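Below is one structure, written out as structure tokens; the observations come after it.
By convention in this document, chain letters (A, B, ...) are assigned in the order of the sequence lines, proteins followed by strands, and residues within each chain are numbered from 1. Everything numeric in this text was worked out from a predicted model, so none of it was measured.
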Number of protein chains: 2
Amino acid sequence: METNTEEKILIAAREIFSQRGFAGTRMQEIADRAGINKGLLHYYFKTKETLFKAVFKEAFLQISRKLNEVLSSERPVMEKVESIVDEYLDLLLANPNLPGFIVNELHTNTEAFIAEIMSMSERPDPSLLIMQLHLDSQAGKIRQVDPFHTVLNILSMCVFPFIARPMLQSMVHLDDATYLHLMRQRKAAIKDFIRHAIQSPDQSAMS
Amino acid sequence: METNTEEKILIAAREIFSQRGFAGTRMQEIADRAGINKGLLHYYFKTKETLFKAVFKEAFLQISRKLNEVLSSERPVMEKVESIVDEYLDLLLANPNLPGFIVNELHTNTEAFIAEIMSMSERPDPSLLIMQLHLDSQAGKIRQVDPFHTVLNILSMCVFPFIARPMLQSMVHLDDATYLHLMRQRKAAIKDFIRHAIQSPDQSAMS
DNA sequence: GTCTATAGGTAGATAGAC
DNA sequence: GTCTATCTACCTATAGAC
């Protein structure tokens with residue numbers, strides 16, 4: 001229950017920045033949410049940009065660390081793919097507007113700003129998984145697929161529903177509870193979809 | 001070659017708003033891009049919000065019209081799915097940052113604002129396709145799949161790569177030309193992926 | 001460390017000449 | 001219709017009291 005001021009500011013800043021974006025955020029709103037005044041904000045974080053970078057870096061690291069963790073593990077390809085879906089969806093369910101925040105800021109801001117942010121943290125690297133898919137594909141262990149597009153398909157199915165949530169919810173008129181319920185079903189749905197999409201013909205005949 | 005002032009403004013506004021978002025856009029920047037001054041902007045569009053709504057409505061209509069057009073056609077399910085991928089990707093390739101713009105604004109702005117925008121234009125309605133998938137699934141014409149998640153998977157694979165472009169390009173270090181080249185390959189890659197993911201076991205044994 | 005008050009700059013919008 | 005000049009409001013950041 002002991003939350004110091006700096007932590008209170010960061011908590012508030014995470015919420016506001018991730019919801020409104022950098023340009024749409026007012027320092028006043030962060031101060032209000034944190035239960036302090038504007039002056040104190042600048043005492044802890046000299047500028048709006050400083051505070052934003054702290055929040056964004058943290059968010060980006062959360063995503064990229066998790067992604068790298070699963071992408072670089074040495075397991076067999078289908079196991080690995082399934083663990084990507086499982087673990088990545090866990091992260092997204094716990095932080096539903098993380099990907100929207102990141103993608104939005106990378107899209108809105110200048111390239112210099114992006115480059116600076118990117119240099120702060122290791123980028124996710126899918127090349128090992130792509131290589132694995134390529135080899136297994138050659139060896140006939142999975143169906144002949146384009147490895148790059150396959151990885152992209154997997155990421156798409158996991159992340160997109162969270163980014164496009166407002167759009168999707170208005171399309172099908174789902175309340176928040178129902179939407180989250182569907183997201184929790186997605187792990188199974190995505191893994192099933194992928195399995196059938198990439199399994200070799202012999203195996204699919206057996207199923 | 002005859003472009004009147006209103007059209008020049010709209011062209012400039014499309015570019016700036018879709019790149020920087022509503023909050024990040026300066027009227028001055030739009031005026032500069034259009035080659036006119038701020039005063040004239042307000043002569044044609046009373047407020048920044050008026051101008052934004054004109055631009056956003058147009059963008060949203062472009063997406064939803066195309067989507068509805070394919071979603072509501074009366075063709076057999078696999079044909080329909082393939083035409084969604086084909087036609088939707090054509091639209092996205094012609095307007096690469098359309099989805100990022102829309103998703104970003106729906107995410108950043110208040111619910112009241114979103115509701116107002118949504119009421120302006122018919123929403124895309126996937127229920128017919130969901131129903132078709134359900135029936136074909138029951139009838140054994142395709143594999144037993146969850147129709148909702150299947151539709152979501154299809155949309156995800158089409159749209160996500162465009163929304164997450166800056167993120168993806170930095171992950172794999174692709175220049176713009178290479179990235180666009182990969183996007184043009186996606187039609188085939190996605191259709192292949194879907195086909196194998198939802199085809200019934202009998203058919204897959206034959207392939 | 002925390003507050004109030006305010007400086008300094010910028011952005012949206014208007015007024016008025018041409 | 002198009003321009004320049006300006007008003008007004010707001011927002012980041014700082015100064016200074018406690």
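- No contact: B:Thr50 has no heavy atom under 4.0 Å from any strand.
- Proximity of a side-chain donor or acceptor of B:Ser64 to a complementary backbone N or O of B:Arg123 within less than 3.5 Å is not detected.
- As a whole-Å value, the separation of B:Gln28 CD from C:dA11 P is 8 Å.
- For C:dA13, the OP1/OP2 oxygens have no side-chain nitrogen or oxygen of B:Tyr43 closer than 4.0 Å.
- Between the B:Arg20 side chain and the A:Asn109 main chain, no donor and acceptor come within less than 3.5 Å of each other.
- Atom CG in B:Asp32 sits roughly 12 Å away from atom P in D:dT4 (whole-Å rounding).
- What separates CZ of B:Phe52 from P of C:dA11 is a distance of 18 Å, to the nearest Å.
- Between B:Asp90 and B:Lys66 there is no salt bridge, since none of the side-chain N atoms of the basic residue sits less than 4.0 Å from a carboxylate O of the acidic one.
- Comparing A:Lys38 and A:Tyr44 along DNA chain C, the residue whose closest nucleotide (by nearest heavy atom) sits nearer the 5' end is A:Tyr44.
- Proximity of the aromatic rings of B:Phe22 and B:Phe56 is defined here by a centroid distance below 6.0 angstrom, and this criterion is not met.
- Separating the CD atom of A:Glu7 from the P atom of C:dG1 is a distance of 15 Å, rounded to the nearest angstrom.
- For D:dT12, neither phosphate oxygen OP1 nor OP2 lies less than 4.0 angstrom from any side-chain nitrogen or oxygen of A:Lys46.
- Nearest nucleotide to the A:Leu40 side chain, out of C:dA13, D:dG1, C:dT2: C:dT2.
- Contact annotation: A:Thr5 reaches the phosphate of C:dT2 (side-chain N/O to OP1 or OP2, under 4.0 Å).
- If you measure from atom CG of B:Asn37 to atom C1' of C:dA11, you get 15 Å, rounded to the nearest angstrom.
- Look at A:His42 and you won't find any side-chain N or O under 4.0 angstrom from OP1 or OP2 of D:dT14.
- We find that A:Glu58 and A:Arg14 are joined by a salt bridge, their nearest charged nitrogen and carboxylate oxygen being less than 4.0 Å apart.
- For the pair B:Leu41 CG and C:dG12 P, the computed distance is 10 Å after rounding to whole Å.
- To the nearest angstrom, C1' of D:dA13 lies 14 Å from CD of A:Glu49.
- What separates CZ of A:Arg26 from P of D:dC11 is a distance of 5 Å, to the nearest Å.
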